[in-house]
Amino acid sequence: MHLKDIHISGFGKYSHKDMSFSEGINIIYGENGSGKSTLHAYLKSMLFGMERGRGRAAGHDSYSRYYPWEGQASYGGSLTLHTEGNDYRIERCLDTKNRSLSVRKGESGQIIATEQEELMPILGHVSEEIYQNTISIEQLKAATDSSLSESLKNRLSSIALSGASTLDVTKALSSLKEQKKALKQQIDGNASHRYHEILAKISDIEVTIKETGTPSENRKGQVEELEKRLEAENCMRRKLEQEIETTRKAIDEHSLSAVGDVDLYQERLHDAYDAYRMASGERGKGKPRSPKVRDVLCGVFAALVFLTLALGSLFYEELPFTNTPFPLPRLPFLILFFIGVGSSFLFTILLFVRSRKEDSASLAMAAETEQFIQNAYKAHLGSSEVTESARIAMKEKFAEYQNLLDTRKKNQNLLEESLTTTAALQEGLQAAMDEKNRLQKGVWEFEQACKELTELEEEKQALSRLMEYNEVLEEKIKAVTLAEETISSLSSKIHETFSPLLNRQVSTIMSAITDGVYDRFHIDENLAVTMRNGGRSVSLDSLSRGTMEQVYLALRLSAVKILFPGQSLPILLDDTFAYYDDTRLNNTLKYLAESYHGQIFLFTSHKREAAFLSRMNVPYQLLVLSGK
């Protein structure tokens, strides 16, 4: 079988792209990002289709990755292959909205298959699993998985049993086991005993339900009423919690929240405003400070002294009414006059000075009071202007803050009451639910028992028929067991022989690739590879990355020979030689050119492969991909 040509309607970066291949070696060359891996994936999708992932995986799977970049392009295309003397054209639409498959034969274009199972004989019964583990190596994925081992065992056993590779031994054994299991399950000699046990059980349940009774409408109504009340209470509590939180934020944001004792602060501000208003009123009228009684008495006394002495001086020679001279001599009288006048003058000055000091202190006190009020109004009202409207606004500010405090306290009390009510309602609801569930459980058990009884009646009729065929079934079980043992025995013998065959094949290929450096390998039935070196075994992990890649290539080529003897299948290698040195790359290409008789696709971003093949005069077709 070889691939002849393709037409890509839409796949990743490609749209309306045609490409033809030679029957021998095809080198698909291109730089990184030119679409080599996309072309490789397209060939696989044409052969086996492409499923879309589910859930989160759908956004990163191959289906999404290779969806056409051009929105108008149809997702899919066609592939023409030649096998057993005929050409077949595989046409696929990969879009999940309009997925389809058509396989046309030869020039007539007759559709001979529309399902993947119908296409498998044309592909030589190469499944997608075998394809990925043998003839197709994706970029940096040369290693095989455990399914290759099962495929080898199954294919060799199939050939030995039926002479063809189309018999799936694993499925055959699984089918026989299922048949035997189904036959054994049909034989039930204990049905009657189980039937009477269940009848007795149902009778007991019926008695229990009659004694218990079914849930009444009152009980249901009670539960519903409690649920409604609980929901209403929860609603109210959530509202209270929101209001408390809103109030708390309002209190925290209020200007008075920074004041320690709000009542004392309000009282001080009130007294200060009264004092300020009184002082402001006196200053506004232009009145002097009211004299005190002490000042008045002292002034009257000084005036009387001065008046007495003045009159005495005026009438010193002759006093009124008596017409007699003043009784004191003139000199002492003058001395006494001047002393009295001076004392009165001095006393009056002292009283004036003292009054001025008291007025200054009073003014300083008034200024301090005014500053206190201005600072308070500035902090809480935003303006330091001291007016009657500002006093009223400040009073409203205090009332507003007090209202917030009262509201918070009231809501907190209501919240505590709601929590208590909710706890009581929950307790009552739980008790009612427990009772309701207990009654419903009894009814459910009764209904289940009745349902089980009905099923047992049907099972009884089936068992009565099955018991007639018990002997026939036993004979069938014996026949299935004999077939299972025969297939298993032969399959085990095949398993013992395929490992040495695989060892020889891998060792021969590795010897050719490494110029005899590595020529002894052991592969067990699970395809675990070890190298023989001087009488000891060396694990594959101990070898270099390049050598490991070469071993996996040898294992794949050997598996192809064992699984598909006589068939020529195309092999697709995507940057498989990235870790090969020049010598081993040359040897590998030489081996493939001389020993592998199928079509070869080399996807590469290097020019070494073409250079080596040209040097060996090996014909090949070079297809250069553009990065645009």
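- Looking at heavy atoms from C-beta onward, L123 lies in side-chain contact with Q116 at the 4.5 angstrom threshold.
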| message | Show, in sequence, the C-alpha distance, side-chain angles and deciding distance for S127 and M120, and conclude whether the side-chain contact (heavy atoms from CB on, under 4.5 Å) test is met. | response | CA-CA 7 Å; S127 66; M120 292 304 291; 4.3 Å; yes
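- Atom CE of M19 sits about 12.0 Å away from atom NE2 of H7, to the nearest 0.5 Å.
- Around the CD atom of E31, the shell of radius 6.0 Å holds no more than 12 heavy atoms that belong to other residues, nucleotides or ligands.
- In this structure, CG in L573 is found 10.5 Å from OG1 in T604, a value given to the nearest 0.5 Å.
- Side chain of R92 to backbone of L47: a donor-acceptor contact under 3.5 angstrom is found.
- The number of heavy atoms from other shown groups lying within 6.0 Å of CD (E70) does not exceed 12.
- More than 12 heavy atoms of other residues, nucleotides or ligands shown are found within 6.0 angstrom of CD on E241.
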| task | Test side chain to side chain donor-acceptor pair (under 3.5 Å) on Q132 and K44 and set out the steps. | result | CA-CA 9 Å; Q132 291 183 178; K44 176 186 173 183; 2.3 Å; yes
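- Y63 has its side chain within reach of D95: a pair of non-hydrogen atoms, C-beta onward, lies under 4.5 Å apart.
- Looking at heavy atoms from C-beta onward, Y42 lies out of side-chain contact with L94 at the 4.5 angstrom threshold.
- Counting non-hydrogen atoms of neighbouring residues, nucleotides and ligands closer than 6.0 angstrom, the CD atom of Q72 reaches no more than 12 such neighbours.
- You'll find the side chain of F577 stays beyond 4.5 Å of the side chain of H606, heavy atoms only.
- C93 and S74 make their closest contact through SG-OG, 4.4 Å (heavy atoms, listed as atom of the first residue, atom of the second, distance).
- In this structure a side-chain-to-backbone donor-acceptor pair under 3.5 Å is missing from K36 to L625.
- Two residues are said to be in side-chain contact when any heavy atoms from C-beta on lie closer than 4.5 Å; D574 and I137 fail this criterion.
- The heavy-atom pair separating K13 from S34 by the smallest distance is NZ-O, 3.5 Å.
- With values rounded to the nearest 0.5 angstrom, L555 atom CG is found 10.0 Å from T134 atom OG1.
- The aromatic rings of Y75 and F11 lie tilted to each other, with the angle between the two planes from 30° to 60°.
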| query | Does the pair K249 and T246 meet the rule for a side-chain contact (heavy atoms from CB on, under 4.5 Å), with working shown? | reply | CA-CA 5 Å; K249 291 181 178 179; T246 302; 5.9 Å; no
| task | Please report the C-alpha distance between E231 and R238 in whole Å, then the side-chain angles of each, then the deciding distance to 0.1 Å, and finally whether the salt bridge (Lys or Arg N to Asp or Glu O under 4.0 Å) criterion is met. | result | CA-CA 10 Å; E231 178 60 28; R238 288 192 293 269; 3.5 Å; yes
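- What you find for S9 and A73 is that their closest heavy atoms are O-CB, 3.5 Å.
- In terms of heavy atoms, L543 sits closest to M548 at O-SD, 3.8 Å.
- With values rounded to the nearest 0.5 angstrom, F603 atom CZ is found 11.0 Å from E138 atom CD.
- In K397, the NZ atom is crowded: over 12 heavy atoms of neighbouring residues, nucleotides or ligands sit closer than 6.0 Å.
- For the pair R556 (side chain) and S136 (backbone), a donor-acceptor distance under 3.5 Å is present.
- Considering CG of L419 and CG of L415, their distance stands at 4.5 Å, rounded to 0.5 Å.
- The CD atom of Q402 sits 6.5 Å away from atom CG of D263, with the distance rounded to the nearest 0.5 Å.
- Within the 4.5 Å cutoff, the side chain of I392 has heavy atoms near those of the E388 side chain.
- Within the 3.5 Å criterion, the main-chain N or O of S544 finds no donor-acceptor partner in the side chain of Y579.
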| Run the ring pair (Phe, Tyr, Trp, His ring centres under 6.0 Å) check on Y131 and F48 step by step: do they pass? | CA-CA 10 Å; Y131 172 86; F48 303 103; 5.0 Å; yes
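- You'll find the side chain of R99 reaches within 4.5 Å of the side chain of E51, heavy atoms only.
- In this structure a side-chain-to-backbone donor-acceptor pair under 3.5 Å is present from Y14 to G35.
- Of the possible polar contacts, one joining the N413 side chain to the K409 backbone as a donor-acceptor pair under 3.5 Å is found.
- Counting only heavy atoms from C-beta outward, the side chains of L404 and R408 never approach each other to under 4.5 Å.
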| Should N375 and Q371 be marked as a side-chain contact (heavy atoms from CB on, under 4.5 Å) after you check the CA-CA gap, both sets of side-chain angles, and the distance that decides it? | CA-CA 6 Å; N375 291 340; Q371 186 63 42; 2.9 Å; yes
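- For the pair R229 and E225, the salt-bridge criterion is not met [side-chain N within less than 4.0 Å of a carboxylate O].
- Across all non-hydrogen atoms, the minimal contact from G546 to Y580 is O-CE1, 4.2 Å.
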